[in-house]
Amino acid sequence: MNDQEKTIRPATQADVPAAAATLAAAFATYPWTRWSIPAQDYEARLEQLQAIYLSHAIQHGIVLVTSELTGAAAMLPPNAPEPLEPVQAQIADLMGDRLSAVMEVELPQRPANSWDFATIGVHPDHAGKGLGGALIRQALHRATSSGNPRVSLETSAEGNVALYEKHGFTVTHETHIKGGPDVYTMMTAV
């Protein structure tokens, strides 16, 4: 375990506001969120959505954060439940007029016994210091220790593909969204 990995710990609900702010900063220019979230109040909507997703992952999966909350990662195990209806309504409200376009996107179905690497991000002020790689390694370690070692993810940033490949992921599908970003579906080996 390197020094970066020693600063990583499981998140608590008290960490959600700061971790959501970190993820919102990390995803400020991310192709998927720029396309899927309305431009009006984009930053606030993005941060609120990140907080919802992190809270759900804390309840049903794994959320890891760096000690200074400058990086966060969330994974959901196979068969994790969908958010409750009131939470889904909140998400729909935040997605606004983009919801129908997002719902029309057909991404490959996640394999039945696969963890969902739902999100990972490092605040731009701390990027390039190895925090993202450390979060990926720790998250993958926890997933592979669970008895369901396969992990899948989607990314719409082509630059992320090489990073994930360094950690054992391979591209299994590319989805080209008309008027939107390309989405790369990736999977770890069994």
Side-chain angles (χ1 to χ4, degrees), residues 10-65 69 71-124 135 139 143 151-158 160 164 172-187:
T12 66
Q13 195 61 40
D15 296 320
V16 167
T22 289
L23 289 173
F27 283 81
T29 61
Y30 187 64
W32 175 265
T33 55
R34 275 289 171 194
W35 175 78
S36 65
I37 298 173
Q40 182 179 1
D41 300 322
Y42 171 78
E43 291 84 5
R45 288 174 191 256
L46 175 57
E47 190 169 331
Q48 289 173 38
L49 286 164
Q50 293 291 359
I52 290 168
Y53 299 144
L54 287 172
S55 292
H56 182 72
I58 284 173
Q59 292 173 6
H60 302 287
I62 297 169
V63 177
L64 301 173
V65 293
L69 299 171
M75 294 180 56
L76 291 168
N79 304 316
E82 292 293 322
L84 298 175
E85 282 190 35
V87 175
Q88 288 188 32
Q90 220 180 346
I91 292 168
D93 185 52
L94 290 166
M95 300 291 290
D97 64 357
R98 298 302 304 146
L99 182 63
S100 60
V102 171
M103 297 303 288
E104 290 175 9
V105 174
E106 292 185 32
L107 296 174
Q109 188 168 351
R110 189 170 313 287
N113 291 322
S114 172
W115 280 81
D116 174 13
F117 206 139
T119 192
I120 179 171
V122 173
H123 193 284
L135 282 162
V151 179
S152 58
L153 61 81
E154 286 93 25
T155 184
S156 64
E158 189 174 353
N160 288 349
Y164 292 127
T172 57
H173 191 268
E174 290 182 38
T175 303
H176 305 285
I177 301 171
K178 186 176 180 177
D182 290 341
V183 178
Y184 303 89
T185 299
M186 302 185 75
M187 179 79 62

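All values below were derived from every heavy atom in this structure, side-chain atoms included, with hydrogens, water molecules and symmetry-related copies excluded.
- Residues Tyr184 and Thr175 have side chains that never bring a donor and an acceptor to within less than 3.5 angstrom of each other.
- Residues meeting the side-chain hydrogen bond (donor to acceptor under 3.5 Å, both in side chains) test with Asn113, sequence neighbours left out: none.
- Between Pro124 and Ala26, the shortest heavy-atom distance links the atoms CD-N, 3.9 Å.
- Around CD of Glu174, the count of heavy atoms belonging to other residues, nucleotides or ligands within 6.0 Å exceeds 12.
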- Item | Derivation and outcome, side-chain contact (heavy atoms from CB on, under 4.5 Å), residues Ile62 and Leu64 | CA-CA 6 Å; Ile62 297 169; Leu64 301 173; 3.8 Å; yes
- Does the side-chain contact (heavy atoms from CB on, under 4.5 Å) test come out yes or no for Ile177 and Asp182, once each step is laid out? CA-CA 6 Å; Ile177 301 171; Asp182 290 341; over 6 Å; no
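- Rounding to the nearest 0.5 Å places OG1 of Thr155 at 11.0 Å from CZ of Phe117.
- The heavy-atom pair separating Gln50 from Phe27 by the smallest distance is NE2-CD1, 3.8 Å.
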- Message: Quick one, Ser114 with Ser152, criterion side-chain hydrogen bond (donor to acceptor under 3.5 Å, both in side chains). Give me CA distance, side-chain angles, the key distance, then yes/no.
- Response: CA-CA 6 Å; Ser114 172; Ser152 58; 2.9 Å; yes
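- Taking both residues in full, the closest heavy atoms of Ala74 and Ala57 are given as CB-CB, 3.8 Å, listed atom of the first, atom of the second, then distance.
- Under the 3.5 Å distance criterion, the side-chain polar atoms of Glu47 are left unmatched by any main-chain donor or acceptor of Ala24.
- Here the CD-CG distance, from Gln90 to Asp93, works out to 8.0 Å after rounding to the nearest 0.5 Å.
- In this structure, Tyr164 and Leu153 have side chains that are in contact, with non-hydrogen atoms separated by less than 4.5 Å.
- Between Val183 and Leu107 there is a side-chain heavy-atom pair separated by less than 4.5 Å.
- Distance check: Ile91 CD1 to Gln48 CD gives 11.5 Å after rounding to the nearest 0.5 Å.
- Of all the heavy atoms in Gly71 and Leu135, the pair that sits closest is C-CD1, 3.7 Å.
- Nearest heavy atoms, Leu54 versus Val16: CD1-O, 4.2 Å.
- Asp97 has its side chain within reach of Pro38: a pair of non-hydrogen atoms, C-beta onward, lies under 4.5 Å apart.
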- Carefully, step by step, assess Met75 and Val151 under the rule side-chain contact (heavy atoms from CB on, under 4.5 Å). CA-CA 9 Å; Met75 294 180 56; Val151 179; 4.0 Å; yes
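- Across all non-hydrogen atoms, the minimal contact from Arg45 to Leu94 is NH1-O, 2.7 Å.
- Counting only distance, with no hydrogens or angles, the side chain of Ser55 and the backbone of Ile52 share no donor-acceptor pair below 3.5 Å.
- Under the 4.0 Å criterion applied to side-chain N and carboxylate O atoms, Arg110 and Glu154 are assigned as salt-bridge partners.
- Annotation: ring pair (Phe, Tyr, Trp, His ring centres under 6.0 Å) contacts involving residues 33-62, sequence neighbours excluded, comprise Trp32-Trp35, His56-His60.
- The distance from atom CG of Leu23 to atom CG of Leu69, rounded to the nearest 0.5 Å, is 10.5 Å.
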- Step-by-step side-chain contact (heavy atoms from CB on, under 4.5 Å) determination, Leu49 to Met95: CA-CA 9 Å; Leu49 286 164; Met95 300 291 290; 3.9 Å; yes
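- Side chain of Thr172 to backbone of Thr185: a donor-acceptor contact under 3.5 angstrom is found.
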